[in-house]
Amino acid sequence: MDQKKALQIVKPHLTEHRYTHTVGVMNTAIELAERFQADKKKAELAAIFHDYAKFRDKQEMCALVESSIEDKTILGYGDELLHAPCGAYYVEHEVGIKDEEVLNAIRYHTTGRPNMTLLEKVIFLADYIEPGRQFKGVDEVRKLSETNLDEAVIQALDNTVSFLMKRRQLVYPETIATYNELVVKQKKEK
Ligand code: DGI
Ligand code: FE
Ligand code: FE
């Protein structure tokens, strides 16, 4: 699917602000894919559809998790997590994208997962550092992403987990597992 067609499909599902974010994620994902030798077309496609389900009805998404999504534990960790796995499902069944690598990049873009693929890291990071993002600590992650993909993902996870804890929100265990796996890997590489 070409970029124009994909953007046309996703646009009616998003607000203007979220559409601008999506275009930012797309451009950033293509840049990161180039830098770290990931598949640029897959990065582009996954980025365009990563927030496809952002505005879907929460009850509908909870029901979908109950009926069709393997990992039901996300139901216990806040509604914000639903749009990633449910998005992957809708993108497969409504848009017809069957590429499992692209679907997984959408599925894990919010929480990450241990042993993320290169493409999954590219989308996870692009979502975090696209030019429209302004939260505290984002510049540090932008800087790291110029040279070291794993260090950048670790820092983004650190920021997100710290942010959640400050607000006494629950932290999804797989997010912590992602952090642990990458830190162990980094230590081995040093
Ligand atoms: O959809 P976006 O806003 O572009 O970004 P996103 O998919 O990373 O979602 C961000 C939201 O997800 C934000 O409210 C924090 C929340 N979040 C991210 N990781 C976790 C999390 N919430 C919980 N409970 N646990 C997590 O591990
Ligand atoms: Fe998202
Ligand atoms: Fe996003």
Side-chain angles (χ1 to χ4, degrees), residues 6-7 9-11 13-33 43-58 61-62 64-65 69 71-92 95 97 102-114 116 119-138 141-142 145 152-183:
L7 286 171
I9 294 172
V10 82
K11 196 165 194 205
H13 293 269
L14 304 175
T15 59
E16 207 178 308
H17 177 262
R18 187 60 44 178
Y19 182 74
T20 305
H21 161 70
T22 293
V23 172
V25 176
M26 177 186 81
N27 290 324
T28 307
I30 293 169
E31 250 175 64
L32 290 173
E44 177 184 81
L45 199 60
I48 291 172
F49 288 105
H50 85 283
D51 274 340
Y52 180 79
K54 191 76 180 174
F55 301 102
R56 291 294 265 252
D57 182 74
K58 301 284 191 250
M61 288 197 283
C62 288
L64 180 69
V65 172
I69 301 219
D71 176 18
K72 316 218 184 287
T73 65
I74 59 155
L75 290 172
Y77 293 90
D79 290 348
E80 267 307 312
L81 301 186
L82 295 168
H83 77 283
C86 292
Y89 182 94
Y90 294 134
V91 166
E92 180 179 358
V95 184
I97 292 173
V102 171
L103 295 175
N104 279 336
I106 298 169
R107 186 170 289 129
Y108 300 109
H109 86 265
T110 303
T111 59
R113 65 160 166 172
M116 284 166 101
L119 186 70
E120 289 166 24
K121 289 174 189 171
V122 162
I123 298 303
F124 179 86
L125 257 192
D127 186 30
Y128 195 85
I129 65 169
E130 63 91 4
R133 297 294 209 190
Q134 290 172 340
F135 31 67
K136 191 167 151 260
V138 70
V141 180
R142 285 192 179 114
S145 75
V153 173
I154 289 171
Q155 192 57 51
L157 288 165
D158 173 336
N159 292 356
T160 300
V161 170
S162 303
F163 172 90
L164 291 167
M165 285 188 170
K166 268 262 173 300
R167 279 157 192 74
R168 290 289 179 272
Q169 292 189 37
L170 295 179
V171 181
Y172 183 59
E174 284 296 287
T175 302
I176 303 285
T178 309
Y179 167 85
N180 287 337
E181 183 260 329
L182 287 172
V183 168

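Whatever order the structure lists ligands and atoms in, that order sets their numbers, starting from 1.
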> Considering non-hydrogen atoms of the protein only, which is the closest contact for atom 27 (O) of ligand 1, and what is the distance?
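The closest heavy atom on the protein side is T175 OG1, 2.8 Å.
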> Just going by heavy-atom distances, which of H50, R133, E174 is nearest to atom 5 (O) of ligand 1?
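Heavy atom nearest to atom 5 (O) of ligand 1 belongs to R133.
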> Output the distance between atom OH (Y52) and atom CD1 (I106), rounded to the nearest 0.5 Å.
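One gets 10.0 Å once the value is rounded to the nearest 0.5 Å.
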> For the residue pair R133 and F135, would you count it as a cation-pi contact if the rule is NZ or CZ under 6.0 angstrom from the ring centre and within 45 degrees of the ring axis?
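R133 over F135 ring: no.
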> Output the list of atoms in ligand 1 that are nearer than 4.0 Å to some heavy atom of H21, sorted by atom number.
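Listed by number with element: 4 (O).
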> What is the nearest protein non-hydrogen atom to atom 2 (P) of ligand 1, stated with its residue, atom name and distance?
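Answer for atom 2 (P) of ligand 1: R18 NH1, 3.2 Å.
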> Please determine, by modelled atom types, if N27 and E31 share a side-chain donor-acceptor pair under 3.5 angstrom.
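Side-chain D/A pair, N27 to E31: absent.
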> Between the candidates Y77, Y128, F135, Y172, which shows the shortest non-hydrogen contact distance to atom 24 (N) of ligand 1?
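Result: the heavy atom closest to atom 24 (N) of ligand 1 is in Y77.
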> So does H21 have any N/O/S atom less than 2.8 Å away from the Fe ion (ligand 3)?
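Looking at H21, which is the residue asked about, there is an N, O or S atom under 2.8 Å from the Fe ion (ligand 3).
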> Only to 10 degrees, please: what angle do the NE2 atom of H83 and the OD1 atom of D51 make about the Fe ion (ligand 2)?
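Reported to 10°, the angle equals 90°.
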> Could you walk me through whether L7 and Y19 pass the side-chain contact (heavy atoms from CB on, under 4.5 Å) test, one step at a time?
CA-CA 9 Å; L7 286 171; Y19 182 74; 3.5 Å; yes
> Would you mind running through ligand 1 and noting each atom that sits below 4.0 Å from a heavy atom of H109?
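Listed by number with element, the hits are 7 (O).
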